[in-house]
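Inspection log for the structure reproduced underneath, given as C-alpha cells.
In what follows, chains are A, B, ... by sequence order, proteins preceding strands, each numbered from 1.
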Amino acid sequence: MDLNSKEVTKRWQDKWRKEAIFEPSVNTSKKKFFITVPFPYPSGSMHLGHMYTWTRADIYARFMRMQGYNVLFPQAFHFTGGPIMGAAQKVKDGDPKTIEAFRKQGVSEADLKRFAEDPKALAEYFTTSFREDFDNIGMSIDWRRKFITTSLNPYFSRFISWQFNKLRALGLITEGKHPVVWCPKEVTPLGDHDRAEGEGESPQKFTIIKFRHGDFVFPAATLRPETIFGATNLWINPDEEYSAVKVGAERWIISKDAENKLTNQFNAIGKLEPVKIKDFLKKDVINPLTGEKLPIEPAEFVDTKIGTGVVMSVPMHAPLDFYGVNKLIKSGQNIKPKKVIDVQDENAIVEDSIKRFGETLAGLKDATKIVYKKEFNHGVMNSNSGEFAGIAVKEVDGPICTALKERGAYAEIYGLTGRVVCRCGAEGIVKILEKQWFIRYSDKAWKDKTRRLIEKMKVYPEEVRLQLLNTLDWLDDKAAARKGGLGTPLPWDKEWIIEPLSDSTIYMAYYTIAHKIEQVDLNSLMDSAFDYIFLDGKEKPKNEGAALDPLKKEFEYWYPLDMRVSAKELLQNHFIFFLMNHAAIFGENNWPRGIQINGWLTVSGEKLSKSKGATLTIKRGLETYSADQLRMIAAAGNGMDDVEWDPATINAFDQRIGFIYEILQTYKNLKGESKLIDAYLISKINRTIRDATESLENFRYGSALAAMFFGIYNEIKLYFDLGGENRNTIQRFLSTFIKLNHPVFPHITEELNRSFGVENLLEGSAWPIFNPDEIDTLVENEVRVLLNTIDDIKNVIKIIKRQPQKIEIGISNKENFDVYNKVVLQAEKTKNIIEIRKALRINSKLLDKLLKNPNKLPEMQLEEALENNIFSQAREHLKRAFKCEVVIERHAKEEKSLPGKPSINIL
RNA sequence: GCAGGGGUAGCGAAGCGGUCAAACGCGUAAGGCUUAGGACCUUAUGACUCAGGUCUUCGAGGGUUCAAAUCCCUCCUCCUGCACCA
C-alpha cells in the first residue's frame with residue numbers, strides 16, 4: 001500500500017470549502033474563538049517563513065474547533081505605506097535586483113509591465129498569490145471577510161478615520177516637531193536600512209545652557225544639565241575655529257563644525273562671522289542658575305564636532321573635566337571643584353574610575369561612561385544643588401530644564417549617537433521635522449490602562465509579558481502620518497497619510513463586519529455608525545440605523561479578539577500599539593484576551609528574509625512536499641524558539657503515517673485478548689491525550705508533536721513487540737492518533753479517518769477526552785521493569801558471546817516488595833537516608849542496598865503479583881526474541897533478585 | 001547604550017533542585033531485507049569496562065545545599081527589538 005500525502009491534499013481542501021466550515025456565523029449558543037495573524041504586505045511572494053507563523057495560528061484554530069468552539073480565522077492584506085509603491089517604482093526604473101527576484105517568484109514579463117504602470121496591480125497580483133498559497137497549505141481561513149487597507153477601500157478608510165477621530169477626541173493626538181536622521185543629499189529621512197554605516201544610531205538631545213559674557217552667549221551643550229551646580233569653568237578648544245552667529249536676537253559663539261547643525265535645527269538664524277576664540281580665554285561668563293562667575297579655559301580634548309564646541313566643565317562629575325581642571329590647579333589657578341551628586345557607597349566616583357581606566361584620552365572616555373551610568377541610575381542631588389537637593393538624578397532633568405527656561409538660558413540641539421552614512425554616500429544629519437502629527441503613546445494614564453490590559457491577558461510564552469510591560473516604560477510619542485505613500489488621509493488634515501503601523505492597530509474589529517459592511521451605504525457610514533457598532537450604549541444613527549444592526553450583532557458576538565499570533569519582531573512595535581489602541585478605544589470587555597509570539601523559521605541559522613525567501617516560496621515548497629509535510633516543520637517549535645528548516649525530518653512523517661495506514665488496514669483481523677500490555681497502551685494513550693492537549697493549548701507544538709506523533713507511535717510499536725493483538729485497543733489507539741494529529745496534519749488525517757470508516761469530517765469533530773481513571777501507573781512501571789530486564793538480558797548475552805540455552809528470570813518475593821514500596825513512599829518525602837532509615841525501623845539487607853546512594857533511591861511503586869504477571873504474559877515474546885527456553889521463577893531465592901530488578905540467569 | 005531571551009551530545013532540542021548519560025527527532029555506523037538502495041527493520045552512537053558495572057560532563061569562574069544543568073553572584077558569548085522601516 002501507499003498513501004500519498006500530496007495526492008490527498010486537494011480532495012480535503014475542496015471538501016472543507018464545499019461544506020463552508022471555515023465560514024462561521026453568529027451562533028450565540030456556541031462558545032466562540034476569534035484568532036488572527038497580522039496582515040501581510042503583498043509586495044512579494046509568500047515564503048516558508050510566512051508559512052511558519054500562519055501554520056501556528058491554523059493549528060490553533062483547528063484545535064479549538066475540535067474543542068467545540070465556533071472559530072473565526074479571517075485574513076486581510078495591508079497596502080499602506082511605501083514598499084508597494086517602492087517595489088513598483090523599482091520595476092519601472094528597471095532595477096535588475098528587484099526584477100530578478102520577481103522573475104524567480106514566477107512573475108511573467110507581462111505582469112512585470114503591469115507592475116511598472118500601476119503599483120496596485122502589483123499588490124493585487126501578490127494578494128491573489130498569497131491567497132492561493134494560504135489555501136494550498138490548508139489554512140482554515142474565512143475568505144468572505146478578506147479586505148485591503150488604504151483609500152483603495154473606502155469602507156476601511158472610513159473605519160480608520162473613525163479610529164483617528166476617536167483618538168483625537170480622547171486627547172491622544174498632538175502636533176509637534178520631531179527629530180529624524182536625515183540625508184541632506186536625497187532630502188529624505190534616513191532609516192536604518194538605507195544606511196551604509198551607522199545602523200542603530202539615533203538622534204540624541206543635548207541641552208544647551210546659555211552662559212553669557214556681555215552680549216555674547218556661550219551655549220554649552222550637555223547631556224547632564226543637572227551638573228550645572230558643579231560647573232567650575234567653560235572649555236573651548238583653542239586650536240579650532242569658532243564663529244559668532246545670530247540666533248534670534250542673541251549672538252552665540254559656536255564651533256565652526258556646529259554651524260550646520262544650527263542652520264538645520266534653528267529657524268531664526270542670522271549671519272555667521274568668524275571670531276578669534278583665543279580673545280575670549282580667561283574671560284568670565286555667568287552661571288545662569290547660581291550667578292557665579294566662571295572663567296573660559298582652553299582644553300584640547302574638546303571635540304568641536306559634538307554639540308556646540310562649547311563645554312561646561314564639571315570636574316567632580318566628569319573624568320575629562322577632572323583631568324583638565326587638575327592641570328589648571330597645578331598651574332596655580334584658584335578653582336574649587338564642588339560635588340553636587342551623591343551616590344551611595346561611592347565617595348570618589350570620578351577619581352576611582354580614572355584610576356581604573358588610566359589617564360589617556362580613551363581611558364578618560366571609558367571612565368566617563370561608568371560615571372554617567374552610575375550617577376544617572378543611583379545618584380541623588382546633594383545640598384550643593386540648591387532647591388533641587390534630595391531629588392534623584394533620574395527625576396531631576398525636567399525641573400532643571402524648567403528652571404533654565406525661566407531664566408531664558410535654555411535651548412536644545414540634536415546630535416547623532418554615532419556617525420551615519422547614507423547609501424548614497426552623504427553623511428547623515430539630524431533634521432527637525434515641523435508640524436508632525438503624533439499619537440501620544442507617552443501618555444501616563446494611557447500606559448497605566450494598557451498595563452492593566454497586559455496583566456489580564458494570556459501571553460504565550462509567558463516571558464513576553466515582562467517584555468511588553470518594559471516596553472511601555474520607554475514608549476514615546478509616535479509620528480503617525482506622512483506626506484507620501486498609500487493609506488488613509490488624516491480626517492482633519494488631508495495632506496497627511498496615516499502610516500502603516502498606525503492604521504493596523506484595531507482593524508481586527510473590522511473583520512467582524514467586513515463581509516457585511518458593503519451592504520451599508522457608504523454615505524451613511526459616518527463616525528456615529530461606527531460608534532454604534534463598536535461601542536456600548538451608543539445611540540443608533542437616524543439614517544440607515546437598521547442596516548447597522550447585523551454588523552453590531554457580528555461584532556458583539558465575535559469580539560473581543562481571543563488570540564493574535566505573530567513572530568517576535570512585531571512585539572515592541574505592532575503589538576504594543578495594538579494593545580494601546582484597544583485600551584484607548586474599546587470598553588474593557590472588548591480588550592484582547594491573548595497573544596502568541598513565535599520565533600522564525602531559519603535556513604542555516606538565518607532568518608528567511610524577503611531576498612532569501614524568494615527561493616523558498618510556498619509554491620516551490622509544494623512542488624516537492626505535501627502541505628502536511630510542510631506543516632510538520634512549522635509545528636516543530638516551542639514558544640519563541642527559532643526553528644531550522646530541515647527537510648530530512650519529513651522522512652519521519654512518511655514513515656510513521658505509512659505504518660499507521662498499514663495498521664488501519666490489518667487490525668480488524670486481529671482477535672487477541674486484552675492483556676496487561678493493553679492496559680499499558682490505554683494508560684499511555686491517556687497520558688498522551690493529556691500532554692498533547694496541554695502542549696497545544698500553550699502553543700508548545702514541538703512538545704505536542706513529541707507526544708502525539710512520535711511518542712505514541714513508539715508506544716504502539718512496543719505494544720506489537722510485546723505481543724499486543726487486541727482489536728479494540730488498537731482501534732482506540734488509531735482513533736486517538738488520528739484526532740490528536742489532525743490540527744497539525746489536517747489533510748492526511750482526514751484521509752486516514754475515512755479509511756477508518758468514519759463518514760463525518762474530522763475537522764470540527766470532538767477532541768479525545770483524557771480519562772484519569774485509565775492511567776495505570778503500576779502497570780506502566782512494571783512494563784518499564786520488563787523493558788529494563790530485556791535490555792539487561794541482551795547486554796549479558798552480548799558479553800557471553802553465545803546463544804543462550806535457557807534464561808531464568810527470578811522475581812523477588814513479596815516481603816521485599818513491601819520493603820521496597822515503603823522506601824519509595826519515604827523517598828517521596830525526603831531524600832535523606834538517615835531519616836528514611838529512622839522512619840522505617842526495618843532491619844533488612846534489601847534496605848541497606850536500596851539506601852546506599854541518596855541519588856539512586858527507588859521512585860516507582862511496584863507490585864509483586866503484577867510483576868509476575870507481566871513477565872508471565874511476556875514469556876512467549878521473550879522465547880521468540882531470545883530463541884530459547886525462558887523460565888519465570890516466582891519468589892526467587894536468589895539474592896540478586898530485587899523488586900523492579902529480577903535476577904537473570906543465563907545458561 | 002536600554003530592554004528581553006538564549007548558550008545541554010555531530011545537529012535540532014527536552015529537562016528547570018534529587019529516578020539525568022540526558023526524553024523525542026535528525027544525522028552517523030554495523031547487521032538484516034533486497035538485483036540494488038536515498039525505502040524498511042534491528043542494534044549502536046560521552047569515556048572506560050564487560051553478568052546487568054564505573055567515571056566524567058550541561059558557555060567560564062565563584063557561592064548556597066546532604067544534593068545544582070536546574071537557585072544566587074561575576075564574566076564571556078549569541079539572538080531580537082529600540083519607532084517614521086514594514
Check: Backbone N or O of A:Ile498 within a donor-acceptor pair of the A:Ser502 side chain at under 3.5 Å?
Finding: no
All N/O contacts under 3.5 Å from nucleotides 10-12 of chain B to the protein, with atom names and distances to one decimal?
none

Item checked: Check: A:Phe206 ring centroid to A:Tyr414 ring centroid under 6.0 Å -> no
Notebook entry, point to check: How far, in whole Å, is B:rC48 from B:rG81 if one measures between their C1' atoms?
Noted result: 49 Å
Next item on the list: Ignoring backbone atoms, establish whether A:Arg656 has a side-chain N or O less than 4.0 Å from OP1 or OP2 of B:rA39.
Entry: no
Item checked: For A:Asp476, side-chain hydrogen bond (donor to acceptor under 3.5 Å, both in side chains) partners two or more places apart -> none
Next item on the list: Run the salt-bridge test on A:Glu499 and A:Lys478 with the 4.0 Å N-O cut-off and return the result as yes or no.
Entry: yes
Margin query: So, OP1 or OP2 of B:rU42: does either fall under 4.0 Å of a side-chain N or O from A:Lys717?
Written below: yes
Note to self: Quick check: on RNA chain B, is the nucleotide nearest A:Asp791 upstream (toward 5') of the one nearest A:Tyr441, or the reverse? Name the residue that is more 5'.
What the structure shows: A:Asp791
Check: Using the P atom in both, what is the distance from B:rA3 to B:rU28, to the nearest Å?
Finding: 45 Å
Check: Tell me, which stems hold RNA chain B, with a stem being 3 or more Watson-Crick or G-U pairs in a row and both distances under 3.5 Å?
Finding: B:1-7 with B:76-82, B:10-12 with B:24-26, B:27-32 with B:40-45, B:46-48 with B:53-55, B:59-63 with B:71-75
Notebook entry, point to check: Expressed in whole Å, how much space separates the C1' atoms belonging to B:rG18 and B:rG12?
Noted result: 28 Å
Checklist line | B:rC41 OP1/OP2 closer than 4.0 Å to side-chain N/O of A:Gln655 | finding: yes
Next item on the list: Nearest whole angstrom, please: distance from the P of B:rA83 to the CZ of A:Arg440.
Entry: 21 Å
Notebook entry, point to check: Think A:Asn573 has a side-chain N or O under 4.0 angstrom from the OP1 or OP2 of B:rA83?
Noted result: no
Next item on the list: List for me each residue that meets salt bridge (Lys or Arg N to Asp or Glu O under 4.0 Å) alongside A:Asp397, sequence neighbours excluded, and say none if there are none.
Entry: none
Check: Any side-chain N or O of A:Arg482 under 4.0 Å from OP1/OP2 of B:rC85?
Finding: no
Item checked: First of A:Val180 and A:Lys794 reached from the 5' end of RNA chain B, by closest nucleotide -> A:Lys794
Checklist line | Sequence-distant partners of A:Glu715, side chain to side chain contact (heavy atoms under 4.5 Å, CB included), two or more places apart | finding: A:Tyr680, A:Leu681, A:Lys684, A:Leu718
Checklist line | Rounded distance in Å - CD (A:Gln572) to C1' (B:rC85) | finding: 15 Å
Checklist line | Span that lies between the P atom of B:rG53 and that of B:rA21, in whole angstrom | finding: 12 Å
Within the sub-3.5 Å range, which N or O atoms of nucleotides 47-51 of chain B have a protein N or O partner, and how far apart are they?
from: B:rA51; atom 1: N6; to: A:Ile906; atom 2: O; distance (Å): 3.1
from: B:rA51; atom 1: N1; to: A:Ile906; atom 2: N; distance (Å): 3.3

